[in-house]
Amino acid sequence: HCNRGTSTCEPDKPNGFACLGGGECQSGFCEDGYCCNSSCGGTCEACGLAGFEGSCQPDAPGTPDPQCQGHLCIGGGLCGTICTSDTDCRSGVTCDVLIGKCTDPNLFAGMLTAVGTVENPGGSSFIFVPGGQTTPAVAYDGATYLVAWPDSRYRPQGDIHWARGDATPASIDGTGVQAISPQPGGQREVRVAYGGGQYLLIWRDERSGSSDIYGARVTPAGVNLDPDGFAISAGPAEESAPAVAFDGTNFMVVWSDTRSGNPDILAARVTTGGTVLDPGGLPIAVSPEQQKHPAIAFDGANYLVVWEDVRVTGPEITGTRVQQNGTVLDPGGIQISWSPADAFKPHVASGGNSFFVAWEDYRTGPASVFGARINGFTGGVIDAAGIAISQGPGNRTRPSVTFGNANYLVVWEDNRAGNADIYGARVESMTGNVLDGGPCGGISFSTDSARQFEPAVTWTGSRYLVVWTDER
């Protein structure tokens with residue numbers, strides 16, 4: 001075979017020698033990094049076990065295997081079939097003790113018309129592959145949309161995958177495309193925005209041994225322009241929870257950064273050519289207290305960045321407008337939530353002249369979903385007391401918001417029935433009125449007996465698209 005590093009011909013390797021591909025091996029099989037005596041593709045078996053390199057052997061009990069659909073190997077090449085706790089399941093998978101099954105999550109999607117009708121009640125399977133797909137993000141390019149997510153089908157740590165979708169909604173890229181070539185560590189917390197003829201995927205990346213922010217560009221035709229990804233922020237500190245928006249010229253990426261000790265909010269602009277204009281990061285919110293979980297949107301003139309902030313009382317929602325050149329317009333911050341109770345996990349969308357921020361709010365006891373409109377010109381909070389979007393028995397958490405057809409759509413995880421479901425409600429952009437059922441109602445997208453959680457939403461020009469993690 002040809003050694004690509006030295007451009008010389010070398011003898012093929014016997015079983016047990018390290019390899020990068022089957023062409024290097026006498027057997028023709030390179031599995032788990034070793035020349036192997038077989039393809040070793042069965043359930044709960046590997047070719048790289050210590051002391052048995054090059055010989056396909058059953059995995060040890062407790063080893064994760066994507067073919068076990070969330071369960072662990074139990075020895076003898078067999079998957080476990082019953083769980084009594086999460087420790088019986090692969091990392092990132094939970095045990096449903098009522099049925100004794102490790103729930104291997106997949107992605108489902110739902111469509112909502114502009115007038116509030118769910119076209120596919122219960123949702124449609126979007127990606128359904130053993131190994132686990134979670135925490136989706138979605139953006140629309142004017143003709144189709146792209147969903148990105150962390151995927152554990154190949155590695156428990158997770159890799160970033162993506163797929164474009166059609167109007168049914170269903171994937172047009174099969175079971176999805178791996179966004180970057182395999183790297184050490186895990187890739188997760190993916191977000192996506194569209195602009196300048198391409199999508200920018202960003203994520204938390206652990207290839208360096210710490211937590212960094214990486215990105216990759218994908219065209220609407222599905223061409224990955226950055227197969228290894230590129231570093232947006234890769235300092236010695238922990239960088240996490242990224243978010244991204246496009247301003248017509250550049251993308252702006254924001255994240256939580258611990259370089260000064262407690263987490264702060266930093267940003268960097270990225271060109272459509274993949275150049276990071278601010279490799280050292282731009283300070284957006286820096287103080288001795290904690291600022292984390294940022295979100296960002298652009299209204300045609302300025303960005304609005306929002307985050308969790310503990311400078312005033314407990315965690316509250318704070319924001320600032322930021323110019324396209326990175327100048328912070330509200331250096332003292334705009335306090336958006338004013339409740340004495342805690343507020344978490346903000347998300348933001350732009351309706352043109354105003355922004356809408358939605359968040360988890362604990363003023364009534366269980367987690368509720370509240371929101372407020374922000375004047376894009378002045379930075380003033382239009383709804384100072386907050387708008388009650390959904391409250392009542394059971395926690396309502398992880399809101400996501402988009403704008404379309406003169407209304408905002410907020411979607412969230414809803415535990416009113418004792419198990420996480422997906423609900424949503426439209427909010428009039430001009431009045432702030434909740435259109436769908438008042439604070440205790442909402443639109444039901446999926447209420448299956450299994451858990452549905454971590455929703456994301458976008459407007460597709462005529463309908464709203466919601467994607468979520470689903471354990472059915």
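Predicted model only: the values in this text are computed from it and were never measured. Hydrogens, waters and symmetry mates play no part in the numbers below; they use all other heavy atoms, side chains included.
Nearest heavy atoms, V466 versus P455: CG1-CB, 4.3 Å. Of all non-hydrogen atoms in T272 and G195, the two that sit nearest each other are CG2-O, 4.2 Å. Shortest non-hydrogen contact noted between A343 and W359 is CB-CD1, 3.5 Å. Here the shortest heavy-atom pairing between N405 and A114 reads ND2-CB, 3.2 Å.
The ring pair (Phe, Tyr, Trp, His ring centres under 6.0 Å) contacts involving residues 164-188 comprise nothing, where partners must be two or more places apart or lie in separate chains. Sorted by first and then second residue, the pairs that involve residues 450-461 and meet salt bridge (charged side-chain N to carboxylate O under 4.0 Å, His left out), not counting sequence neighbours, are R451-E471. Pairs passing the salt bridge (charged side-chain N to carboxylate O under 4.0 Å, His left out) check and including a residue from residues 229-254, sequence neighbours excluded, read R204-E238.
With sequence neighbours excluded, the residues forming a side chain to side chain donor-acceptor pair (under 3.5 Å) with R472 are S446, D470, listed by chain and number. Remark: D436 pairs with R426 by the salt bridge (Lys or Arg N to Asp or Glu O under 4.0 Å) rule, at least two apart or across chains. The side chain to side chain donor-acceptor pair (under 3.5 Å) search around T364 returns S368, not counting sequence neighbours.
Taking the side chain as every heavy atom from C-beta outward, V192 and V244 never approach each other to under 4.5 Å.
By the 30° and 60° cut-offs, the orientation of the rings of F128 relative to F108 is perpendicular. Ring geometry, W412 versus Y423: the interplanar angle falls under 30°, so the pair is classed parallel (tilted spans 30 to 60°).
Both cation-pi conditions hold for R363 and F370: the charged atom is under 6.0 angstrom from the six-membered ring centre and inside a 45 degree cone around its axis.
Side-chain polar atoms of S337 and E316 form a donor-acceptor pair below 3.5 angstrom. Of the N and O atoms on the side chains of T175 and R153, at least one donor lies less than 3.5 Å from an acceptor on the other residue. If you check the side chains of N106 and Q133, you find a donor sitting under 3.5 Å from an acceptor. Looking only at atom types and distance, the side chain of T431 has a donor-acceptor partner in the side chain of N433 under 3.5 Å away.
Not one N or O on the side chain of Y303 forms a donor-acceptor pair closer than 3.5 Å with the backbone of V305. Without hydrogens or angle criteria, E360 side chain to R398 main chain gives a donor-acceptor distance under 3.5 Å. Put simply, the side chain of D330 never gets that close to the backbone of G332: no donor and acceptor are under 3.5 Å apart.
For the pairing with Y199, the ring-ring contact (aromatic ring centres under 6.0 Å, His included) check across Y145, Y140, Y194 returns one residue only, Y194.
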